[in-house]
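Each ligand, and each atom within it, is numbered from 1 in the order the structure gives.
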Amino acid sequence: MKINVGIDLGTTYSAVATFSKELGRVQVLKNGYGKDCTPSVICIDHGNIMVGEDAKEEQKSGNVNTAAFYKSMMGDPNWSAYIDGREYSAEELSGLYLAHLIQDVKESNHVDIDGAVITVPAYFNDKQREATIRAGKKAGLKVLKIINEPTSAIIAYGLTGGKEKNVLVYDLGGGTFDVTVAHVSGTRIDVLATNGNHQLGGKDWDETLLNQVKEQFYSEYGVSIEDHEEDLKELQVKCEEAKKLLSSVASTVITIQCDGYLGKYTVTREEFDDQTYSLLYETILLIKSCFDEISEARNRPFGWKDIDEVVLVGGSTRMPQVKDMILKEYGRPPITKDINVDTIVATGAAMQAELCVSNTITLTVAGPAAGAAKTGGAAPSSPITLTIRNSDIQDITAHSLGMLALASDEKSYINSIIIRKNSKVNETFSREYTFAGQKLQVYVLQGEARDPYECDIIGAYSITGMPKNNKNKIKVNFLYNSNGVVEVNACLSDGTVLSATREKTNETLSEIIARLEREKKEAEEEAKRRSKIEIMLMIDTSGSMSGDRIVEARRAAKEFVKALDLKHSFISVISFADASQYKCKWENKEWSLNSAIDSVNVNDVGYCNAETPIQNNYKKFSRDCSRVIVILTDGYWDDQQTEERAATAAKADGIIIYGIGIGDADEAFLERISSGKGKKVDLSELTATFKEVATSIATEVGGNTLR
Ligand code: AMP
């Protein structure tokens, strides 16, 4: 039989469950030892892979080829465990662990597994979520969804069909802590806020005991257990066991056997609680900041008094100090009855798996009055059935999403937040850019801080496929999908979809910023260079230009000058016929240019068309800037071939040529020498044409800085 499962891939223990349509409830699938939970420990010894209880036994006996707690290192490229002669990433270990766990569950329960929903701490970031998805795939699973552990717990616990309530899930596992507040109404769950620390969990409590007895052993025998890897591994397991015992007894003894010495140390709960208070206090602070975030979003105070139920999840909530703290802060005990802290997350995930496949599930739960029974109230009523839709569950993101942007002082870089923490998943947030280039790069960051160095860099997205246009309006859309994984796509303002690809980059943030700084400087220098324009205004003064033509040419030339930005434009007026004559050189005062234009006369340099003005002048530009030649002619030049060759060379050198013809000008020739289209116009249109050329120079030549 093929089933879909929910997998609570825990830091210390994992559990697998499936939703039974027939029973209308979830069944936890036991492992080969008949247990609900399997230690998240893996042992790879001479190629032989063991997971769960067997691997934990190996760990206990000091086998160094074991790994535990790798989950909190998911997605960290700098972490690996050296086992059985090679390095393993947390993702690889999780993949191997999952594959074996699933195999065990399949064999023990005589089922075949189709799809799986895998749980992650709500506080997992993008990289950790993606690594979890890849680990699931490596294990051969069809990953239906990644779901937040607290949300999963609320699905399992909260859907009682009763009245509206605010539920706080306190999830302290082996390696992570999450606090989530959700509003539950009937079958609808809206997560309001979530907070956490994925480096805080039961292992830190273990470590406190470990440090205590390790120091005692050292001061007694002068032996450091750190130097004895096998003994250390064994002691780690013993400390965890002692910690668990302290949840039910007032004191216990931890023994250390190392280097031929035997140490016996009594640890008491009272001492243990004192020593670990700072860890517990951190969870209180995280709850408070969760409340602060909800208060800010609602614009009115939100606190313990607004919480209707507190649900404890995760093995570490068995420590009495957790319940005591809740009682002190909340004023009421948390809900513990009917909740299996070890399997509640897998239970919710199993329901989510069925929701992914069937979109709705029909759940059989105890009647609403039974909810009161949990806290010792009214008697349970008869079971009811609830229909839950996939869309009933609205999760949020635990991390703000931003992009690397230049601060307003244009000197430093900031994380410019686009999606705020606690925003709903599956909601798109957009940013619009006016962009001139062909490749827009967006660096996406995850984190709350304005300082990008305090954030995680999610990736570099390259947006391409825009048409050549200085003023493309590009809309970039950012989204946390239902797995809590970041998605980026882009389109033009008219809806044309652009390509947005995530680029593989090994650059660190400081390398990226240094490169952007360099590129910015280069672009500024280029813009500065390009903002200066030199224009050669060449006017044909052969005999045929006599009369109206030269008069109109002067008028058009003056209007042309008037339309230009003379702060940045430097013009040489050249008269040509059988030779060239400069009337002024690189002038930018209007009156001076007008008097140069007034001095342009027919017969300045002969009557005929023997000159090749481009050939003889294009190398005479004076500075490194944008260079333009504007030619006005009314006739057929004697040596077109030389001029065409010169125009080709000039254009190859970056010079832009506008050819304007009147009268008997050869339009085809003008087209060949021009950069864009050569133009032949009526004399009456000459002034307008020159104005158009001025606009084109401003926007396309000098205006290349438009962004
Ligand atoms: P989880 O990741 O939710 O499976 O939680 C595992 C963590 O719960 C580990 O750190 C366990 O040591 C811890 N744990 C399990 N049982 C107890 C207990 N009785 N008292 C204290 N901690 C426990």
Please say which of K56, K60, K233, K203 ends up in a salt bridge (Lys or Arg N to Asp or Glu O under 4.0 Å) with E240. K56
Can you find an N/O atom of G174 closer than 3.5 Å to an N/O atom of ligand 1? yes
E240 neighbourhood, listing ligand 1 atoms whose heavy-atom distance to it stays under 4.0 Å: 9 (C), 11 (C), 12 (O)
S247, any N or O under 3.5 Å of ligand 1 N or O: yes
Considering the heavy atoms of G202, write down every atom of ligand 1 situated less than 4.0 Å from one of them. 10 (O)
Is any side-chain N of the basic residue among K421 and E448 closer than 4.0 Å to the acidic one's carboxylate O? no
How are the rings of Y265 and F217 set relative to one another: parallel (under 30°), tilted (30 to 60°) or perpendicular (over 60°)? perpendicular
Which protein non-hydrogen atom lies closest to atom 5 (O) of ligand 1, naming both residue and atom, and how far is it? G315 N, 3.1 Å
List ligand 1 atoms under 4.0 Å from M319, heavy atoms only on the residue side. 21 (C)
Please answer whether the main-chain N or O of M351 pairs with a side-chain N or O of E354 as donor and acceptor at a distance below 3.5 Å. no
Would you call R389-D392 a salt bridge at under 4.0 Å N-O? yes
For ligand 1 and D206, I'd like to know whether there is a polar contact (N/O to N/O, distance under 3.5 Å). no
Starting from atom 6 (C) of ligand 1, what is the nearest protein heavy atom, named by residue and atom, and what distance separates them? T12 OG1, 2.6 Å
Answer yes or no: does an N/O atom from K203 fall short of 3.5 Å to an N/O atom of ligand 1? no
Among protein heavy atoms, which lies nearest atom 19 (N) of ligand 1, and at what distance? R318 CD, 3.4 Å
Nearest 0.5 Å, what's the NZ-CD distance between K264 and Q257? 9.5 Å
Atoms in ligand 1 with a heavy atom of G314 nearer than 4.0 Å: 3 (O)
Under 4.0 Å, counting heavy atoms only: does G10 come that close to any atom of ligand 1? no
Mind checking side-chain hydrogen bond (donor to acceptor under 3.5 Å, both in side chains) for D84 and listing every partner two or more places apart, or none if nothing turns up? none
Could you tell me the separation between the OH atom of Y88 and the OH atom of Y70, rounded to the nearest 0.5 Å? 12.5 Å
Spacing of T194 atom OG1 and Y123 atom OH [to the nearest 0.5 Å]: 9.0 Å
Quick note on ligand 1: atoms under 4.0 Å from a heavy atom of G173 include exactly 1 (P), 2 (O), 3 (O), 5 (O), 7 (C)
Report the nearest protein non-hydrogen atom to atom 4 (O) of ligand 1: residue, atom name, distance rounded to 0.1 Å. Y13 CB, 3.4 Å
May I ask you to identify the nearest protein heavy atom to atom 10 (O) of ligand 1, giving residue, atom name and distance to one decimal place in Å? K243 NZ, 3.1 Å
Of the non-hydrogen atoms in V5 and I113, which two are nearest, and what is the gap between them? CG2-CG2, 3.8 Å
